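Order of appearance sets the numbers: ligands from 1, and atoms from 1 within every ligand. Everything numeric here is computed off the predicted structure, so don't read it as measured data.
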Amino acid sequence: MKAPSERTRVRRVPARAAYDREVVDAILDDGFLCHLGFVQDEQPVVIPTLYARVDDHVYLHGSSASRAMRTGRGGAPVCLTVTLVDGLVLARSVFHHSVNYRSVVVFGEAEQVEGPKEKERALTAFSEALTPGRWADARGPTRQELKGTMVLRVPLDEASAKVRTGPPVDDDEDYELDVWAGVVPLTLERGQPLADPRLRAGTPLPGYL
Ligand SMILES: Cc1cc2nc3c(=O)[nH]c(=O)nc-3n(C[C@H](O)[C@H](O)[C@H](O)COP(=O)(O)OP(=O)(O)OC[C@H]3O[C@@H](n4cnc5c(N)ncnc54)[C@H](O)[C@@H]3O)c2cc1C
């Protein structure tokens, strides 16, 4: 297993930790929503935002006017967290209730992506991560739209993963109790697409949906 840095080393329940890029990447690639933490004027701020991983970076995007983007672009230290919740873990005692999850915490310095090729690659990755096939189908960004969109990247040099799986872990004496215990799986599913009321008549639902 890859060695963690001092600030990524999981202290609480270290058996659930992993620092290998395969584990980290698999979790990142299964999600699309992260929480971006940064400090502004000594005030910690945590903002939910979309992300996409491409190779060794996590990319973030937003309006060039957004505070998170403007704060991040100057090499600000950030903490980026991704959380996937897989189930509710119902133990026999309330104390041992838990959740099954896969999560990643990344520490790093954000930097602005200026090169048009890398910027477009990142924006394509956002779109493809959420809806594969969409980028090629929808109208591409204009020069003005691209200018108004800032893209940041955070290197995956300092990342930790933490994963909980399996049934509850109860105190030995509690296994005798007549209380149901187990896991209630939780999943995020795509629903049936709902057409925009202003959809041009006769526009078919794309195959990729
Ligand atoms: C969906 C979900 C719900 C949770 N609910 C609770 C809860 O209710 N109460 C609770 O105490 N804990 C909960 N946890 C666990 C929580 O995320 C922390 O791991 C735990 O609280 C210990 O925090 P700490 O700062 O003391 O960890 P430490 O072990 O001191 O953290 C040291 C370093 O380990 C890494 N690390 C810590 N936690 C994680 C993580 N989850 N994923 C990736 N890297 C990590 C970070 O790099 C961190 O800087 C939950 C986790 C998830 C994903």
Side-chain angles (χ1 to χ4, degrees), residues 1-60 68 71-72 75-111 125-126 129-130 152-172 174 177 179-191:
M1 182 190 283
K2 189 185 162 200
S5 71
E6 197 41 40
R7 60 181 176 174
T8 56
R9 187 165 60 78
V10 172
R11 274 94 172 162
R12 292 284 307 136
V13 202
R16 292 182 184 158
Y19 309 96
D20 306 282
R21 276 292 303 277
E22 305 89 77
V23 180
V24 168
D25 288 359
I27 296 171
L28 292 177
D29 294 351
D30 243 13
F32 55 86
L33 173 70
C34 71
H35 287 84
L36 179 68
F38 54 91
V39 176
Q40 189 192 35
D41 300 331
E42 296 186 29
Q43 169 64 56
V45 181
V46 180
I47 298 291
T49 190
L50 299 173
Y51 73 89
R53 181 189 72 89
V54 181
D55 300 332
D56 298 333
H57 290 89
V58 173
Y59 288 84
L60 307 161
T71 307
V78 296
C79 178
L80 188 148
T81 302
V82 171
T83 313
L84 307 175
V85 182
D86 296 325
L88 302 174
V89 179
L90 308 185
R92 289 155 186 84
S93 67
V94 290
F95 181 79
H96 285 298
H97 278 62
S98 187
V99 283
N100 280 339
Y101 62 79
R102 291 163 287 151
S103 58
V104 163
V105 173
V106 182
F107 290 105
E109 289 171 1
E111 55 178 341
F126 274 109
L130 289 170
L152 300 179
R153 67 179 199 178
V154 181
L156 279 169
D157 295 337
E158 250 190 298
S160 56
K162 199 170 170 184
V163 177
R164 190 203 188 281
T165 57
V169 180
D170 269 305
D171 293 335
D172 280 346
D174 287 343
L177 294 175
V179 178
W180 188 90
V183 173
V184 179
L186 292 179
T187 51
L188 187 64
E189 283 181 8
R190 278 174 200 274

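Taking all heavy atoms of R12, R9, R164, K162 into account, the minimum distance to atom 19 (O) of ligand 1 is reached by K162. Considering each of V99, V10, D86, V13, the one bringing a non-hydrogen atom nearest atom 4 (C) of ligand 1 is V99.
Close approach of ligand 1 to T83 (heavy-atom distance below 4.0 Å) involves ligand atoms 1 (C), 53 (C). Applying the 4.0 Å criterion to heavy atoms of F107 picks out, from ligand 1, the atoms 47 (O), 49 (O). Within ligand 1, counting atoms from 1 as listed, the ones closer than 4.0 Å to a heavy atom of R7 are 33 (C), 47 (O), 48 (C), 49 (O).
Within 4.0 Å of atom 17 (O) of ligand 1, not a single protein heavy atom is present. Less than 4.0 angstrom separates atom 28 (P) of ligand 1 from at least one non-hydrogen atom of the protein. Shown here, atom 34 (O) of ligand 1 is in close reach of the protein: a heavy atom of it lies under 4.0 Å off. Distance check on atom 49 (O) of ligand 1: some protein heavy atom falls below the 4.0 Å cut-off. Proximity of atom 8 (O) of ligand 1 to the protein is not indicated, since no non-hydrogen protein atom lies closer than 4.0 angstrom. Not a single protein heavy atom sits closer than 4.0 Å to atom 13 (C) of ligand 1.
For atom 40 (C) of ligand 1, the closest heavy atom belonging to the protein is S103 OG, 3.3 Å. In this structure, the protein non-hydrogen atom closest to atom 15 (C) of ligand 1 is Y101 OH, 4.0 Å. Here the heavy atom of the protein found nearest to atom 30 (O) of ligand 1 is R11 CB, 3.8 Å.
Separation of atoms CZ (R190) and CG (L130) is listed at 7.5 Å; rounding is to 0.5 Å. The CG atom of L50 lies 9.5 Å from the CG atom of L60; values are rounded to the nearest 0.5 Å. For the atom pair T83 OG1 and Y101 OH, the distance stands at 9.5 Å (nearest 0.5 Å). Expressed to the nearest 0.5 Å, how far OG1 of T81 lies from NZ of K162 amounts to 12.0 Å. The line from NE2 of H97 to CZ of R92 is 10.5 Å long, rounded to the nearest 0.5 Å. Atom CD of E109 sits about 13.0 Å away from atom CG of L152, to the nearest 0.5 Å.
Under a cut-off of 6.0 angstrom, the local environment of CZ in R12 is sparse, with at most 12 non-hydrogen atoms contributed by other residues, nucleotides or ligands.
For ligand 1, the polar-atom distance check against S160 finds a nitrogen or oxygen pair separated by under 3.5 Å.
The side-chain contact (heavy atoms from CB on, under 4.5 Å) test with R164 is passed by exactly one of V99, V89, V13, D86: V89.
Between L177 and D170, every side-chain heavy-atom pair lies at or beyond the 4.5 Å cut-off. Within the 4.5 Å cutoff, side-chain heavy atoms of L156 are placed close to those of D25.
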